[in-house]
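Each remark here refers to the structure printed beneath this line.
Everything numeric in this text was worked out from a predicted model, so none of it was measured.
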Amino acid sequence: MPNREDFDVEWCNEAEEPLADMDFREDETEADLDLKMKILAVYNRRIDERERRKKFILERGLLDIKRQLSHERRRLKEERDVFTTLRPFARFHSKEEHEELVQGLLEELRVRRRIAQLQKYRSMGIHTLAEGEVFESEHRRHESDRTLRRARSSFTFSERTPHHRSGRQEQE
């Protein structure tokens, strides 16, 4: 039940088991009391870690799967790969610090992509951004023409095939 900050299955769900049958009596030895206090200290560390993990999940909204999936779908594949790769490191810093790290790496990815594009232009003899824009528009037009031709040829082929078969059936 996330609204009560209570989960069906908690981290280290069995943490309470060692305490279930523990009782303190007046006639216990010092060694028994020391052992029970150590068991309580281990239990407290487990409960603290459980609370830390709950807080992490709730602060970062990790329970809202639909929202997370919608954010994932909006990102480019390369961006999703960066987010997925860095997800295990989110626990080492705050949400804001993690977001800043991810955004910085995504910016680096964009800059590297742009540098590669500019190097490609230079190797093709394009020396100004205006020439690059002309090249890109011509390239996009060429690609759309090629896609259109492919679509037409597959459409024409599929259009001919049924008529051709029906013509055979009529001849027989």
Side-chain angles (χ1 to χ4, degrees), residues 1-124 126 129-130 132-133 135-137 139-140 143-144 146-147 150-151:
M1 296 183 174
N3 291 337
R4 292 184 352 182
E5 295 184 3
D6 204 15
F7 299 118
D8 292 336
V9 178
E10 298 277 355
W11 178 82
C12 197
N13 216 18
E14 68 282 350
E16 288 83 6
E17 288 177 7
L19 301 179
D21 296 325
M22 186 184 296
D23 58 341
F24 289 88
R25 291 173 287 162
E26 290 185 24
D27 61 336
E28 291 189 49
T29 65
E30 188 69 30
D32 287 341
L33 283 174
D34 191 41
L35 176 66
K36 288 181 180 181
M37 294 307 283
K38 287 180 182 177
I39 291 173
L40 284 173
V42 168
Y43 170 75
N44 285 332
R45 281 195 302 270
R46 287 180 177 175
I47 296 302
D48 290 343
E49 179 64 17
R50 181 186 292 172
E51 290 301 315
R52 189 188 68 75
R53 289 175 183 238
K54 270 192 220 181
K55 182 180 173 187
F56 180 86
I57 289 170
L58 295 172
E59 280 179 354
R60 299 188 186 214
L62 299 178
L63 292 176
D64 192 358
I65 302 297
K66 289 181 183 178
R67 189 185 74 176
Q68 287 200 355
L69 289 176
S70 71
H71 285 297
E72 288 282 325
R73 286 187 199 114
R74 289 186 214 146
R75 295 187 177 110
L76 299 174
K77 183 187 181 314
E78 292 171 334
E79 291 178 357
R80 279 194 305 263
D81 291 344
V82 169
F83 273 92
T84 303
T85 303
L86 293 176
R87 190 172 289 144
F89 299 105
R91 62 188 169 151
F92 296 118
H93 32 74
S94 70
K95 183 178 182 179
E96 294 78 22
E97 290 171 334
H98 183 69
E99 187 64 29
E100 184 179 330
L101 171 69
V102 170
Q103 292 305 320
L105 290 173
L106 289 175
E107 182 63 24
E108 177 190 359
L109 182 67
R110 286 188 281 275
V111 168
R112 287 180 183 271
R113 214 179 296 136
R114 180 69 174 154
I115 289 171
Q117 180 186 32
L118 294 173
Q119 287 174 337
K120 177 183 169 188
Y121 287 170
R122 179 179 283 172
S123 69
M124 295 170 54
I126 299 171
L129 290 177
E133 290 173 8
F135 169 77
E136 286 298 325
S137 66
H139 182 68
R140 279 192 298 273
E143 287 296 317
S144 65
R146 186 173 12 173
T147 304
R150 284 184 187 161

Neighbour count above 12 (heavy atom, 6.0 Å) for M22 CE: yes
Heavy-atom count around Q103 CD within 6.0 Å, excluding the residue itself: above 12? yes
Can you tell me how far the [atom1] atom of [X] sits from the [atom2] atom of [Y], to the nearest 0.5 Å?
X: E28; Y: L35; atom1: CD; atom2: CG; value: 9.5 Å
X: Y43; Y: L40; atom1: OH; atom2: CG; value: 9.0 Å
X: I126; Y: E133; atom1: CD1; atom2: CD; value: 11.0 Å
X: I115; Y: R122; atom1: CD1; atom2: CZ; value: 11.5 Å

Going by heavy atoms in the side chains, are E143 and R140 under 4.5 Å from each other? no
With the side chain counted from C-beta on, respond yes when L109 and L105 share a heavy-atom pair under 4.5 Å apart, and no when they do not. no
I'd like to know if [X] and [Y] make a salt bridge, using a cut-off of under 4.0 Å between side-chain N and carboxylate O.
X: K55; Y: E51; answer: no
X: R52; Y: D48; answer: no
X: R53; Y: E49; answer: yes

Let me check something: any side-chain donor-acceptor pairs from residues 82-93 under 3.5 Å, sequence neighbours excluded? List them with distances.
| residue | atom | partner | partner atom | Å |
| --- | --- | --- | --- | --- |
| T84 | OG1 | R80 | O | 2.8 |
| T85 | OG1 | D81 | O | 2.7 |
| R87 | NH2 | E72 | OE2 | 3.2 |
| R91 | NE | P88 | O | 3.4 |
| H93 | ND1 | H98 | N | 3.4 |
| H93 | NE2 | F89 | O | 3.4 |

Please give me the minimum heavy-atom distance between S94 and E97, naming the atom from each residue. N-OE1, 3.0 Å
Name all residues meeting the side chain to side chain contact (heavy atoms under 4.5 Å, CB included) criterion together with E107; count only those two or more places apart in sequence or in a different chain, and write none if there are none. R110, V111
Q117 and R114: side chain donor to acceptor below 3.5 Å: yes
Applying side-chain hydrogen bond (donor to acceptor under 3.5 Å, both in side chains), name anything that partners R73, two or more places apart in sequence or on another chain. none
